[in-house]
Protein chains: 2
Amino acid sequence: MKRNSRLSLALHTLGHMAGDPDEIRTSADIAEHAGTNPVVVRRVLGKLREADILTSEKGHAGGWRLARQPDEITLADVYLALDESLIATTADEEKPNCSIEQALHSKVTSVMEEIERSLIERLRATTIADVR
Amino acid sequence: MKRNSRLSLALHTLGHMAGDPDEIRTSADIAEHAGTNPVVVRRVLGKLREADILTSEKGHAGGWRLARQPDEITLADVYLALDESLIATTADEEKPNCSIEQALHSKVTSVMEEIERSLIERLRATTIADVR
DNA sequence: GATCACGCAACTTACGCAGTTACTTTACAA
DNA sequence: TTGTAAAGTAACTGCGTAAGTTGCGTGATC
C-alpha cells in the first residue's frame, strides 16, 4: 500500500458497496480486493462505523454493510470520519517565544484552516453513489 | 523540531532577514536561533537559493542574505521553493485496474489540485515583509 | 459445540525526516 | 602561503508514524 492509504481504502470499499448495497462483505474479502490485510481493513472501517457510515456484524455470515443510503454518504463524511487530515497541520509549538514565529504561525494557521474548510465543502458535493 | 519543520524554519528565518535585509547570517547562527542544526539549515535554505530567494557566500565572512526585496518574496514563493506539499499528494497508483478506483482517483485528485491552487493563491497575498 | 466473523492488543517492519559526523571546497586575512 | 571561517555534501544514526502481522478473545449462527 501507499500513502493516503486509509482514505483510499475507505473510499474504494464504499464505492463498491454503493454499487451493491445489500451485499454483506467480510474484512477478508475486502482486504484481498484492496491488496491489504483484514486487520487493517477493520481498523479503517471501524472508524467509519463510529461515524455511522457502516455497520458490522460478528459471527457466522457477518461482515460489513452500509449504514445509510449511498447517496447520503458524502466524501466529506468519510474524510471527517478518519481523523487523518489531508491538510498538514501546522505543528503546535510549545511556546513561540519569538514574535516573528508568532506572527507566522497565526498567519499560516488561519490560511490552512480556511483551506481545510474549503476542502470539506467541496468534498461534501460528491456522494459515494457518484463514484460508483 | 516538529512537523512542517522545513517550511517553519524557512519562513522564520526569512522573517528575521526581512527585518534587517543587509545583515549576513551564518548557518550556525540561524541554526542556534531556530534550535536546530547548521546542516539542516543549509539543506532548507539551499532550496530557497535554487528559487532565487536567498544567496549564499562561502568562505570568511560568508553566509546567507536575501536575493530580493522582502516585499517581493511571497509565502507562495517559499512554499513552492520547498517541494514539500502541505496538501497530501494522492499516492500515484501503479495501475488502478479497478474502475471504481479510477473514478475515485480522478475525483479526489481534481479536488486536491483545486485546493492546492487555492492555497497558493492565498499564500501569494502575503510577503515576508508582512510578518516581519 | 464447531465454525466463522469481528474486536483488540502487542509486536514487527518499512519509511521518511531531523539530526549528526566528517570531510571537501572556497574565500579572505594575516 | 598558510590558517581560519564559512558553505557544500555524503553517509550514517535515531526517532516517530503507519502498515503489516500474529494471537487471542468475543459473539452469532449452524
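Within every chain, numbering begins at 1; the chains are lettered A, B, ... in the order of the sequence lines, protein sequences first and strands thereafter. What's counted below: heavy atoms across the whole structure, side chains too, no hydrogens, waters or symmetry copies.
Rounded to an integer number of Å, the gap from CG of A/L7 to C1' of D/dA19 is 16 Å. As rounded to whole Å, 11 Å separates atom C1' of C/dC6 from atom CG of A/L45. As a whole-Å value, the separation of B/L9 CG from C/dA18 C1' is 11 Å. Between the CG atom of A/D29 and the P atom of C/dC4 there is a distance of 13 Å, rounded to whole Å. For the pair A/R49 CZ and C/dA5 P, the computed distance is 17 Å after rounding to whole Å. Taking atom CZ on B/R65 and atom P on C/dA27, their separation rounds to 15 Å, with Å as the unit. A straight line from CH2 of B/W64 to P of D/dA6 spans 14 Å, rounded to a whole angstrom. Following rounding to the nearest Å, A/D83 (CG) and D/dT17 (C1') show an atom-to-atom distance of 15 Å.
Contact between the side-chain N/O atoms of B/S56 and the OP1/OP2 oxygens of D/dA7 is not found at any separation under 4.0 Å. For the pair A/S27 and C/dC6, the criterion of a side-chain N or O lying under 4.0 Å from OP1 or OP2 is met.
Under the salt bridge (Lys or Arg N to Asp or Glu O under 4.0 Å) criterion, B/R42 pairs with no residue, sequence neighbours left out. For B/D130, the side-chain hydrogen bond (donor to acceptor under 3.5 Å, both in side chains) partners two or more places apart in sequence, or in a different chain, are B/T127.
Summarising the geometry, atom NZ belonging to B/K47 is positioned 12.5 Å from atom CG belonging to B/L45; distances are rounded to the nearest 0.5 Å. To the nearest 0.5 Å, the span separating OH on B/Y79 from CD1 on B/I120 amounts to 5.5 Å.
Looking only at side-chain heavy atoms (C-beta outward), B/R68 and B/I128 stay at 4.5 Å or farther from each other.
More than 12 heavy atoms of other shown residues, nucleotides or ligands fall within 6.0 angstrom of atom CD in A/E23.
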In the 5'-to-3' direction, what one-character label does each nucleotide of nucleotides 21-30 of chain D receive under the scheme B = base within less than 4.0 Å of a protein heavy atom, S = sugar-phosphate only, - = no such atom? BB---BBBS-
